[in-house]
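Only one structure is covered here, and it is reproduced in the block below.
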Amino acid sequence: MLREHIDRSGVAPDGRLFRNEAGRYVDAASYGKTWARARAEALTLSEHAAMLAKRPDDLRHAGISFSLASGVDPAECARRAGQSIQVLFRYYSKFLSGAQDHANRLIEDSMRQWDGRSDAVDEGLARIHRSVMLWAAVR
């Protein structure tokens, strides 16, 4: 969508994506009015009444929350949000609790794969184990 906007409207001389009709900064009141119009047009009456996406920043929070709930690595979420991992853990900890279930499923899947390994893998692991034990005994 941003690329389409840039193709259609270009950017300001200083690189800003959005500017007023005179090419200057968009003032805060204009953002609020535009946001209110966009909400009225895009949302159902019940969504609008529920104050869904009341502020533009609500979308940012929703995106971070969705990423965390989807199992995206918290460090990657923090990087994409432009905040520290500490801030992410402080404000989004309720979404990180669901990550435990996801992590447990990943571990259980890996354990099932490990249990299904072949005899050749078992023999290879046994050789590695013997080598490590011999090396440790020699040291």
Side-chain angles (χ1 to χ4, degrees):
M1 289 172 54
L2 286 175
R3 286 187 185 101
E4 289 174 16
H5 172 79
I6 293 169
D7 289 344
R8 186 176 57 252
S9 304
V11 296
D14 64 359
R16 282 180 291 114
L17 294 177
F18 304 104
R19 56 192 180 270
N20 65 16
E21 291 164 355
R24 297 189 184 108
Y25 288 100
V26 177
D27 62 275
S30 294
Y31 276 118
K33 290 174 189 173
T34 302
W35 189 253
R37 284 196 313 263
R39 284 185 75 247
E41 186 175 316
L43 301 178
T44 66
L45 289 176
S46 61
E47 291 170 335
H48 197 273
M51 300 308 286
L52 181 67
K54 181 180 174 185
R55 305 163 299 157
D57 204 40
D58 292 342
L59 296 178
R60 181 174 180 273
H61 292 299
I64 295 168
S65 302
F66 182 77
S67 296
L68 289 169
S70 298
V72 175
D73 178 53
E76 177 60 14
C77 289
R79 186 192 69 75
R80 289 180 181 205
Q83 50 190 205
S84 69
I85 194 82
Q86 292 85 358
V87 168
L88 187 89
F89 279 106
R90 185 178 317 127
Y91 292 102
Y92 297 95
S93 60
K94 59 184 172 264
F95 295 99
L96 293 170
S97 62
Q100 288 179 332
D101 294 335
H102 179 72
N104 287 342
R105 281 193 302 278
L106 290 174
I107 293 167
E108 288 168 4
D109 289 348
S110 292
M111 291 173 78
R112 276 193 289 282
Q113 290 175 3
W114 184 257
D115 286 342
R117 65 190 185 277
S118 69
D119 290 337
V121 170
D122 282 340
E123 291 170 20
L125 291 173
R127 282 194 307 276
I128 292 169
H129 178 72
R130 282 192 300 272
S131 297
V132 168
M133 297 309 281
L134 285 171
W135 180 81
V138 171
R139 278 183 98 9

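Among all heavy-atom pairs drawn from E47 and R39, the shortest one is O-NH2, 4.1 Å. The shortest heavy-atom contact between P74 and L88 is O-CD2, 3.2 Å.
Sorted by first and then second residue, the ring-ring contact (aromatic ring centres under 6.0 Å, His included) pairs involving residues 22-60 (not counting sequence neighbours) form an empty list. The stretch residues 3-14 participates, sequence neighbours left out, in these salt bridge (Lys or Arg N to Asp or Glu O under 4.0 Å) pairs: D14-R16. For the salt bridge (Lys or Arg N to Asp or Glu O under 4.0 Å) condition, the pairs that include at least one residue of residues 62-90, sequence neighbours left out, are E76-R79, E76-R80.
Partners of S46 according to the side chain to side chain donor-acceptor pair (under 3.5 Å) rule, which considers only residues two or more places apart in sequence or in another chain, are T44. Residues satisfying the side chain to side chain donor-acceptor pair (under 3.5 Å) criterion with E108, sequence neighbours excluded, are absent altogether. With sequence neighbours excluded, no residue forms a ring pair (Phe, Tyr, Trp, His ring centres under 6.0 Å) with F66. Remark: I107 pairs with M111 by the side-chain contact (heavy atoms from CB on, under 4.5 Å) rule, at least two apart or across chains. Applying the side chain to side chain donor-acceptor pair (under 3.5 Å) criterion to N20, with sequence neighbours excluded, gives no partner residue. Listed by chain and residue number, nothing satisfies the salt bridge (charged side-chain N to carboxylate O under 4.0 Å, His left out) test with R60 (two or more places apart in sequence, or in another chain). Under the side chain to side chain donor-acceptor pair (under 3.5 Å) criterion, S30 pairs with D27, sequence neighbours left out.
Here CD1 of I6 is found 5.0 Å from CG of L17. Values are rounded to the nearest 0.5 Å. Distance check: H5 NE2 to F18 CZ gives 4.5 Å after rounding to the nearest 0.5 Å. Separation of atoms OH (Y91) and OG (S65) is listed at 13.5 Å; rounding is to 0.5 Å.
Checking H61 against Y92 by side-chain atom types alone, a donor-acceptor pair falls below 3.5 Å.
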Step-by-step side chain to side chain contact (heavy atoms under 4.5 Å, CB included) determination, I64 to L68: CA-CA 6 Å; I64 295 168; L68 289 169; 4.0 Å; yes

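In the hydrophobic clustering, L45 connects to no other residue, as no ILVMFWY side-chain heavy atoms lie under 4.5 Å from its own. Here M51 sits alone; no ILVMFWY side chain lies under 4.5 Å from its own, so it joins no hydrophobic cluster.
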